[in-house]
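Below is one structure, written out as structure tokens, with a few remarks after it.
We're numbering straight along the sequence, starting at 1. Note that the structure is predicted; figures quoted are calculated from it, not measured. Both counts, for ligands and for their atoms, begin at 1 and track the order of listing.
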Amino acid sequence: MAKTQSYNADSITVLEGLEPVRTRPGMYIGGVGSKGLNHLVYEILDNSVDEHLAGYCTEIRVTLEKDGSCTVQDNGRGLPVDMHQKGVSAERVIMTTLHAGGKFDNQAYKTSGGLHGVGSSVVNALSSQMTVEVARDGKIYRDSYSRGIPTTELINGLLPVVGKTKQTGTRINFTPDDTIFEKTVFKSEWIKSRLHETAYLNPELTIYFRDLREFSAPKVHQELLVAGDDGQISFGLDALSVAASDEAFEQQKGSATDSAAELSSDGAGETIVYHEPDGLRAYITALNKGQETVTPLIYFKDRSGDTEVECCFQYVDAFEENIHGFCNNIFTQEGGTHITGFKARYTQLINSYAKQLGILKDKDANFTGADTRNGMTCVIAIKYRDPIFEGQTKTKLASAEASVDVAAVTGEKLEHYFDRNVETIKAIIGCAEKSAKIRKAEEKARTNMLSKSKFSFDSNGKLKVCTSKDPEKCEIFIVEGDSAGGSAGTGRNREFQAILPIRGKILNVEKASIDKVLANAEIRTMINSFGCGFSEGYGNDFDITKLRYHKIILMTDADVDGSHIDTLLLTFFYRFMPELIYNGHVYVSMPPLYLVTPKARNAKPQYMYNDRELQKYQQNHEPSTYELKRFKGLGEMDPPDLWATTLDPERRVLKRVEIEDARLASEVTEMLMGSDVAPRRDFIYAHAHEAEIDT
Ligand code: 28G
């Protein structure tokens, strides 16, 4: 196929059209870090999901390719390829025009406002390479781009045909532009979480995920694996007879025939099939896994006006509420009107039943909203015509009507349900009573505590302070264990590095009630030393301007226990000090696993941070030529070692924690505490390769 890099008239208009995306990528994908990078996948994925919502696509495949690119494929109708009024294929127009992608004419199921749904053209503009293949009308068409500029020559304005097929669908392969993105390694943990979420929200959809990259851990999440990928999206197979040299399609053949074998091999690559026919019910069941349930699953779905409202919830024996909102399949991290509409109506409903059943007397105060949701795990997913998003990360639904519609559906459906399930409403009121009691006790404890001056309720225990008082310069290392804490205390730069040793595992804040959280010595010490208070359900005392350390660095061993402690700490920050993460103050240090000392004179010792690095070294060096030391833990390093590898800003490796990491941490807490070793190892694995040098 003829390719051209020349800038003809077409490509200049293209460049003009997509230029704003390349000059200000953050405006379109929310940044050029990991979050923006992964957003590229979601943008493309969203188009396939839209095609599913339109009723034409049942399978989506997402593949992280060996070469660092990503492929998304669906079995929908296939992007239109016919002649557009502009004189080129419609596909060209869609891929090169801002706001002309996919569904922008069809507002009904536009994926979202704000950051989302800006479409494939944005991804195209930010990709060093993009290939679009469309299976339609018995043919396979192909187009390609580099940084949004077409590299395929059209034939009378239309796409070249590269094969024949009986299937229909779209396949897009793209490589993020490394001159735009700080990092170009997709975070599979984030992507998998998003795919699973999408599967729960779309019960008739099946999503195949594959990670073919070298460093991906083999065999993850056994329970999710479905051996024998049947290769139903197989327009590529047909094509083989016609376009036998077509690499992309050969690869497709591989995935269709070899996957069962690959699952049991030790090579790179994992395949996960996400299919959740029980939808939100299965989602709640998964979220409540391992916890004692207090009510059955409660489910409803209905429309009000143009809004479709779907909701499932269940109570567990816990003190937290755990409400996840979605609007048009988008997770609304910061909540919004759909959530407030639900909560407001729900509080009224529970109080009215409590009175009706004589549990609340006339003289009694109503339950607070938080009381009524004590122990509740809930997912609210709405489909809304014209969502408006606001907030720090544009993930807060602002549309006022959504609140009204959700309240209407919630009121009607739940009244119908509770009238017929009195035991369930009694159990829920039981949870509310328990909460009210604890709340009153806590309010008392809190006034007592606050009266003793806010930050003096505990001495700072084992904190080794630094001399500087300039928060911007100051760092605090939260170090696992007294022995590592001791070495760090000696090895650090006292001027700007504070050390806070913590022992063992901090409390799992996901499970504990607030009074227990506040009673925990480690947590009190942290709140004290950071200096900015904390926020929780009953009030927000958090003030980030008071933060004493602009870098909070978790320093734990690179093993299962260390990653568990990281997870618990992140869960704590996520729930009580999320701004620390939003504002990029939280880091995880990446201590090396090995020290290789070559025997040759003049050769410098080398620290290695993961097994891959060591393997590479071992492949190129005879075992007799070097000495290998394996660090079992930070506690084994002497202070100079610790300075050289983990403390020295010039040489250490830090990974900045993003809010997605913290959200996942809160979700994987359960997984990490389970007995299965494999997911834990994979968790550590997944985090090891994402290390970045912090400068
Ligand atoms: C694989 C990666 C991402 C897509 C479709 C299918 C159609 C479509 C996409 O149309 C323009 C606007 C509304 C009609 C629609 C095909 C109607 C008929 C489509 C994708 C024209 C966009 N036939 N599949 N866009 N519409 N999958 N997957 O991008 O009026 S995007």
Measuring from atom CZ of F331 to atom OG1 of T198, what distance do you get when rounded to the nearest 0.5 angstrom?
12.5 Å

Could you point out which residue of R142, E133, R61 forms a side chain to side chain contact (heavy atoms under 4.5 Å, CB included) with R171?
E133

Note: heavy atom closest to atom 21 (C) of ligand 1, options P80, G76, C57, belongs to P80

Check this for me - ligand 1, S120, N or O atoms closer than 3.5 angstrom, yes or no?
no

So, D82 and R136, do they make that salt bridge, N to O below 4.0 Å?
no

Quick one: does G78 get a heavy atom under 4.0 Å from ligand 1?
yes

Establish, yes or no, whether a centroid distance under 6.0 Å links the rings of F342 and H338.
no

Numbered atoms of ligand 1 (with element) below 4.0 Å of I44, judged on heavy atoms
2 (C), 3 (C)

Relative to the heavy atoms of E51, which atoms of ligand 1 are at a distance of less than 4.0 Å?
5 (C), 6 (C), 7 (C), 24 (N)

Those atoms of ligand 1 less than 4.0 Å from some heavy atom in N47
20 (C), 29 (O)

Under 4.0 Å, heavy-atom basis, I'd like to know which part of R136 is in contact with ligand 1: side chain, backbone, both or neither.
side chain

Hey, are R210 and T271 close enough side-chain-wise for a donor-acceptor pair under 3.5 Å?
yes

With the side chain counted from C-beta on, respond yes when Y145 and T131 share a heavy-atom pair under 4.5 Å apart, and no when they do not.
no

Any N/O pair S48/ligand 1 closer than 3.5 Å
yes

